[in-house]
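Working notes, structure below.
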Amino acid sequence: MNFKEKSTRKTILIATIFFIFLLVWTLWQFHFNYMVASYDTIFHSQRIYEIRLAFLKHQLPSWVNFNTFFNTGQAINGMYPDYTLWPFVWITNFLTPIHQIIAIRSLIAGATFIVTFLSLRKRFYSQNAILMASIFALSGSVIKDLTGEMQSGTAIIMIFIFPIFFTLKEIVQSYEFKPQLIIKTALLLTIVANSHLLSAVVLGLVAGICLIIETIVHRNYFAWINLILAAILTLILCLPIIYRVITISKSGLLSPFSKGNIVSLSLWELIKKPTWDAKATISITTIILLIISILGIRKENFQRTRPWFITELILIILSTNIFPWKLFNHVPIINNFQYANWRFGIFIGVIPVLLVLLTFKKKILTPILLTMTLISFSMATFTAIHNQYFHTNKAIIVTEFTKTQIPQNKSVKLTSTGINSDKIMRSLLPDYAPSTTPLQPESDGMFLDQSIIYPLANHLGQGTQKDIALSHKSTPNSINWQLSNASKGKISLPTYAYKSLHYHVTINNHAVPWTLNKQSLFTVRIPRNLDKANIKIHWLMPKAYLISLICATILYLGLLVFLIKTNFS
């Protein structure tokens, strides 16, 4: 057996062990028939559930959430990028809802491992690339999204984070007009923007700072042309999500909580309590890799590691209060960052991977990475067990029959029938609600006021003289509110109305006009006393959106095929 065959076998063995680990975790989670969920896990589970129902009905996902988030018709799916999530939902739709979410988490982690390995293998020794891919996928934000709090948008970005960083570095340091590089950059940034918009802004800021440094040091101006053209092409490819966001925003939306008050950590707070699955701070793996790379700095390897050290320093500074964030509290878009370490901290763990690979020769590096890989499998196992059982002994198993109201910040054991439960108060939130929706005083926009929580949480219609209990049935694009002994007169329904969107409203199959009350809830007039009233609100998808989605998809696939052909020709 020659050296190359032996190396290939080792690479295959390590990959096999990783996927066995992932499969065991998935089956272990499946057997519970519930998923431990809190905070953003609940938020993204309901987004996935809404997409699931649309695909089961052979429809495109709606902009408004009639099946989730208390059936309020809130424009969460419309305002939150979801295109990169669609394929994961589509291929897992044969599973039960909770098993589907678990499978999606595993698929994202597996895809992160594969793409990381393939990207590193192009530049480094194959065996070290597979070891480092294992370490990266079993720690930091990747293991956090797999076993802890799930944030599907940023998790999908991490699949492509190494191609993204390599490509951005290449385009920032480009010294001639490069059409293929422009296209490649645009395709990758489109994935980012269609997964999580603020992450696209974050990466753009980091690339912009690096570009300014490159321009000052090397007087390189071609990179500006390439980046600007890549940005323009990205905007064209992102027209569907841009159209969606602009159209909904025309209604007037609540500001994100903490808008105009960007909070950041001190450097000490960023590093003082590292954990294996850190996401908004520095993870244990990142610290170890940084120490190893710093210890290995030599004159002969400093030149190739210097740009990455600078980038890492930029990310750390932007994650902390070393950067004067208060000066940017009134800058549009940036003032939506809320917590700087949320936005930039997720990427801090990427650069140390490259620093270690660039610093050491393969013979020295292989035993180091092998040791870290063994530690990573052990720590990932510990983290998975810890996240499954810690603080969940008294957690409620949420099903469709759950009667107990669950407070905002409580962990739950979420079942397939409980995903859209109207007892999980965490999913009754202000995100992307109309601007006239009342908020809890002094909550910095984080919580709704009790005056709106009461009708929404209890599914109450508000008549002229009394509140009316309603029952409901919903589809991806509509909701039916039903009431008995309906009295003549106005009634406000527990469903948000967005002025810039188009709806068709009927009472007992007869079209009726609608207005908004002072809380931006649908208000209709019942023409006469009725034994039973079935009030249906149907959201109408704009044709312009469908056209832009088709055109952007064709253009993206066309550019992707062109890029693949030119690379292999």
Side-chain angles (χ1 to χ4, degrees), residues 37-43 45-47 64-76 79-80 248 251-261 338 395-396 398 400-412 414 418-472 474 479 481-483 487 489-499 514-524 535 537:
S38 60
Y39 304 110
D40 279 354
T41 304
I42 295 170
F43 179 89
S45 294
Q46 295 200 356
R47 289 180 55 233
V64 291
N65 296 60
F66 285 128
N67 298 278
T68 53
F69 298 99
F70 281 75
N71 312 100
T72 56
Q74 206 162 340
I76 287 174
M79 290 293 292
Y80 211 99
I248 297 169
S251 296
L253 305 179
L254 290 175
S255 299
F257 78 87
S258 196
K259 181 177 181 178
N261 182 29
Q338 299 163 326
I396 295 174
V398 181
E400 60 185 321
F401 303 110
T402 298
K403 302 298 181 184
T404 305
Q405 196 174 80
I406 300 160
Q408 286 272 353
N409 297 323
K410 287 287 186 180
S411 295
V412 298
L414 206 59
I419 286 178
N420 62 338
S421 171
D422 58 7
K423 299 301 177 184
I424 306 174
M425 298 307 294
R426 180 71 186 181
S427 59
L428 192 55
L429 70 180
D431 296 39
Y432 314 120
S435 57
T436 55
T437 306
L439 295 170
Q440 182 179 313
E442 300 181 2
S443 70
D444 199 17
M446 190 174 289
F447 303 114
L448 295 172
D449 189 73
Q450 284 298 321
S451 63
I452 188 78
I453 287 177
Y454 180 70
L456 296 182
N458 296 287
H459 302 308
L460 296 175
Q462 297 172 302
T464 307
Q465 298 179 342
K466 63 178 182 179
D467 294 332
I468 304 160
L470 305 173
S471 59
H472 67 275
S474 54
I479 186 165
W481 291 109
Q482 299 157 347
L483 62 155
S487 301
K490 283 187 176 182
I491 180 173
S492 294
L493 304 168
T495 302
Y496 290 122
Y498 291 84
K499 293 180 290 186
W514 57 274
T515 57
L516 292 75
N517 70 2
K518 62 181 181 179
Q519 297 173 325
S520 289
L521 299 178
F522 271 98
T523 302
V524 297
I535 306 172
I537 301 169

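In what follows, residues are counted from 1 in the order of the sequence shown.
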Would you sort out whether T402 and I424 count as a side-chain contact (heavy atoms from CB on, under 4.5 Å), showing the intermediate values?
CA-CA 10 Å; T402 298; I424 306 174; over 6 Å; no
Assess the residue pair V64 and T495 against the criterion (side-chain contact (heavy atoms from CB on, under 4.5 Å)); give the C-alpha distance rounded to whole Å, side-chain angles, the decisive distance to 0.1 Å, and a yes or no.
CA-CA 10 Å; V64 291; T495 302; over 6 Å; no
Does the pair N65 and Q46 meet the rule for a side-chain contact (heavy atoms from CB on, under 4.5 Å), with working shown?
CA-CA 9 Å; N65 296 60; Q46 295 200 356; 5.9 Å; no
If you apply the rule side-chain contact (heavy atoms from CB on, under 4.5 Å), what do you find for L448 with L439, and how did you get there?
CA-CA 4 Å; L448 295 172; L439 295 170; 4.2 Å; yes
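Side chains of F447 and E442 form no contact here, defined as non-hydrogen atoms less than 4.5 Å apart. Side-chain contact check for S492 versus Q519: every heavy-atom pair is 4.5 Å or farther apart. In this structure, the side chains of K423 and I396 stay at 4.5 Å or more apart for every pair of heavy atoms. A 4.5 Å side-chain heavy-atom check between I406 and M425 finds every atom pair outside the cut-off. Side-chain contact between P441 and D449 is present, with at least one heavy-atom pair separated by less than 4.5 Å. Taking the side chain as every heavy atom from C-beta outward, K499 and L516 approach each other to under 4.5 Å. Here the side chains of Y496 and L456 are in contact, with some heavy-atom distance below 4.5 Å. A heavy-atom distance below 4.5 Å is not found between the side chains of S45 and I42.
To the nearest 0.5 Å, the span separating CG on N261 from CG on D444 amounts to 6.0 Å. Considering CD of Q74 and CG of L253, their distance stands at 10.0 Å, rounded to 0.5 Å. Going from atom NE2 of H459 over to atom CG of D422 covers 4.0 Å, rounded to the nearest 0.5 Å. The CG atom of L254 sits 9.0 Å away from atom CG of D431, with the distance rounded to the nearest 0.5 Å. With values rounded to the nearest 0.5 angstrom, I419 atom CD1 is found 10.0 Å from T68 atom OG1. Here CG of L429 is found 5.0 Å from CD1 of I76. Values are rounded to the nearest 0.5 Å.
At least one donor-acceptor pair closer than 3.5 Å links the side chain of N420 to the backbone N or O of N67. For the pair S520 (side chain) and A497 (backbone), a donor-acceptor distance under 3.5 Å is absent. Q338 places a side-chain N or O within 3.5 Å of a backbone atom of F257 that can act as its donor or acceptor partner.
Of all heavy-atom pairs between W481 and I537, the closest is CD1-CD1, 4.3 Å. Across all non-hydrogen atoms, the minimal contact from L521 to P494 is CD2-C, 4.5 Å. Between A395 and S411 the shortest heavy-atom distance is CB-O, 3.6 Å. When all heavy atoms of S421 and F70 are compared, the pair lying nearest together is O-CE1, 4.5 Å.
Taking the six-membered ring where the residue is Trp, the centroids of F69 and Y432 are separated by 6.0 Å or more.
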